[in-house]
Visitor: 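Quick one: the structure is below, and I'll ask about it shortly.
Positions are given from 1 along the sequence.
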Amino acid sequence: MSTKNLGAIPVYQKALELREVSKAIASYITFNKDMLKRYKSNSLRDIIADSLVNDTVLIPEQIAQAEHSNSYAERMHSATFINIMIRNINSYCLGLEKDGVKEKEYLNLLRTEIKSFRKSFTKWRRTLRKD
């Protein structure tokens with residue numbers, strides 16, 4: 001197993017930023033402020049917010065797994081999984097809009113973070129093939 005410094009990898013830093021933005025937005029827009037009980041809520045907004053946070057937490061974990069793997073197939077699996085999470089996050093933004101979130105500027109901020117992450121992710125994904 002490699003001992004790469006994840007903090008030095010730009011895509012990892014972008015993933016952490018995306019995670020923090022999503023946590024802050026989810027905390028602000030949800031009806032249930034108890035993060036640990038949000039998944040039990042019957043509110044669609046709470047369920048979407050919980051899924052948003054869960055997916056953004058998984059992204060840096062997948063990057064770390066790919067970076068520490070010697071298996072090309074495992075690295076590509078992580079990259080594919082991250083790509084799915086990015087699509088999910090975009091869908092969550094749309095779902096929150098449809099659910100009536102009035103603070104669209106926060107959702108647009110999240111979309112901007114997603115775009116920034118995606119650029120970094122695309123560059124990083126190309127490096128996985130070269131290792």
Side-chain angles (χ1 to χ4, degrees):
M1 184 174 271
S2 175
T3 58
K4 292 182 181 179
N5 177 12
L6 293 173
I9 300 169
V11 71
Y12 188 77
Q13 287 301 315
K14 289 288 185 188
L16 295 178
E17 291 168 16
L18 180 62
R19 182 186 68 192
E20 294 310 308
V21 168
S22 73
K23 282 182 176 180
I25 290 171
S27 176
Y28 182 76
I29 63 169
T30 56
F31 299 119
N32 186 347
K33 301 302 179 188
D34 186 347
M35 194 173 181
L36 296 176
K37 293 182 181 172
R38 197 176 297 146
Y39 74 96
K40 294 179 182 178
S41 175
N42 289 328
S43 161
L44 178 61
R45 186 178 300 186
D46 289 350
I47 293 167
I48 292 172
D50 187 56
S51 296
L52 170 68
V53 171
N54 286 335
D55 284 4
T56 58
V57 165
L58 290 173
I59 292 173
E61 291 175 8
Q62 287 296 312
I63 293 169
Q65 186 174 334
E67 283 293 325
H68 292 105
S69 175
N70 292 324
S71 165
Y72 174 76
E74 191 174 320
R75 291 193 307 265
M76 288 296 103
H77 176 76
S78 290
T80 300
F81 188 77
I82 292 167
N83 219 12
I84 292 167
M85 296 297 108
I86 293 169
R87 284 196 317 255
N88 287 351
I89 295 165
N90 279 316
S91 295
Y92 300 147
C93 288
L94 184 61
L96 289 167
E97 274 183 345
K98 299 279 186 199
D99 192 55
V101 170
K102 303 227 183 310
E103 298 82 3
K104 299 218 188 306
E105 64 273 9
Y106 293 134
L107 297 177
N108 289 334
L109 173 66
L110 183 56
R111 287 181 175 117
T112 300
E113 284 296 322
I114 294 166
K115 283 181 188 176
S116 177
F117 173 77
R118 188 181 285 280
K119 287 178 186 175
S120 184
F121 171 71
T122 301
K123 290 178 187 174
W124 173 75
R125 189 175 55 201
R126 285 187 213 120
T127 68
L128 295 179
R129 295 184 181 116
K130 296 176 185 174
D131 290 345

Visitor: Just how far is it from atom CG of Leu109 to atom SG of Cys93, taken to the nearest 0.5 Å?
Guide: 9.5 Å
Visitor: Can you classify the ring geometry of His77 versus Phe81 as parallel (below 30°), tilted (30 to 60°) or perpendicular (above 60°)?
Guide: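 It falls in the parallel class, under 30°.
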Visitor: Taking all heavy atoms of Pro10 and all of Ser120, pick out the closest pair and write down the distance.
Guide: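 Distance-wise, the nearest heavy atoms are C-OG, 3.6 Å.
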Visitor: Rounded to the nearest 0.5 Å, how far apart are CG of Leu52 and CD1 of Ile29?
Guide: 7.0 Å
Visitor: Report yes if the side chains of Leu18 and Leu110 come closer than 4.5 Å at any heavy-atom pair, otherwise no.
Guide: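 They are in contact (side-chain heavy atoms under 4.5 Å apart), so the answer is yes.
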Visitor: Hey, could you give me the CZ/CD1 distance between Arg87 and Ile89, rounded to the nearest 0.5 Å?
Guide: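 Going from CZ on Arg87 over to CD1 on Ile89, the span is 11.5 Å.
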Visitor: Might you point out which heavy atoms bring Pro60 and Tyr12 nearest each other, and give the distance in Å?
Guide: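 Scanning both residues completely, I find the closest heavy atoms to be O-CE1, 3.4 Å.
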Visitor: Say whether Leu94 and Ile114 are linked into one hydrophobic cluster, either directly or through other cluster members, by side-chain heavy-atom distances under 4.5 angstrom.
Guide: no
Visitor: Please tell me if the side chains of Ile84 and Gln62 come closer than 4.5 Å, counting only heavy atoms from C-beta onward.
Guide: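 They are not in side-chain contact.
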Visitor: Do you know the tightest heavy-atom contact between Ser22 and Val53?
Guide: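 The answer is O-CG2, 4.0 Å.
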Visitor: Do Ile59 and Arg19 have side chains that approach each other closer than 4.5 Å (heavy atoms only, starting at C-beta)?
Guide: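 No, too far: nothing below the 4.5 Å cut-off.
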Visitor: Side chains of Arg111 and Lys115: does their closest heavy-atom pair fall under 4.5 Å?
Guide: no
Visitor: Can you tell which of Thr56, Asn54, Asp55, Asn83 makes a side-chain hydrogen bond (donor to acceptor under 3.5 Å, both in side chains) with Asn88?
Guide: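 The passing option is Asp55.
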Visitor: From Asp99 CG over to Leu44 CG, what is the distance, rounded to the nearest 0.5 angstrom?
Guide: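 It is 4.5 Å, given to the nearest 0.5 Å.
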Visitor: Please check if the side chain of Ser116 supplies one atom and the backbone of Thr112 the other of a donor-acceptor pair under 3.5 Å.
Guide: no
Visitor: Just wondering, do Ile48 and Arg45 contact through their side chains at under 4.5 Å, heavy atoms?
Guide: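 A side-chain contact under 4.5 Å is absent here.
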Visitor: With a 4.5 Å limit on heavy-atom distance, are the side chains of Ile63 and Phe121 in contact?
Guide: no
Visitor: Determine, step by step, whether Asn90 and Ile86 satisfy the side chain to side chain contact (heavy atoms under 4.5 Å, CB included) criterion, reporting the C-alpha distance in whole Å, the side-chain angles of both residues, the deciding distance to 0.1 Å, and the verdict.
Guide: CA-CA 6 Å; Asn90 279 316; Ile86 293 169; 4.1 Å; yes
Visitor: Would you give the length of the straight line joining atom CD1 of Ile9 to atom NZ of Lys14, rounded to the nearest 0.5 angstrom?
Guide: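 Answer rounded to 0.5 Å: 15.0 Å.
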Visitor: Check this for me: Lys119, atom NZ, are more than 12 non-hydrogen atoms of other residues, nucleotides or ligands nearer than 6.0 Å?
Guide: no
Visitor: Does any N or O in the side chain of Thr30 come within less than 3.5 Å of the main-chain N or O of Ala26, such that one atom is a donor and the other an acceptor?
Guide: yes
Visitor: Without swapping roles, check the side chain of Ser27 against the backbone of Ala24 for a donor-acceptor pair under 3.5 Å.
Guide: no
Visitor: Between His68 and Leu6, does a side chain to side chain contact (heavy atoms under 4.5 Å, CB included) hold up when you go through it step by step?
Guide: CA-CA 9 Å; His68 292 105; Leu6 293 173; 3.8 Å; yes
Visitor: So do the side chains of Leu128 and Met76 get within less than 4.5 Å of each other, counting heavy atoms only?
Guide: yes
Visitor: Mind checking the CZ-CD spacing from Arg75 to Gln65? Nearest 0.5 Å is all I need.
Guide: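 One gets 12.0 Å once the value is rounded to the nearest 0.5 Å.
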Visitor: Looking at side-chain heavy atoms only, is the closest gap between Phe117 and Ile82 below 4.5 Å?
Guide: yes
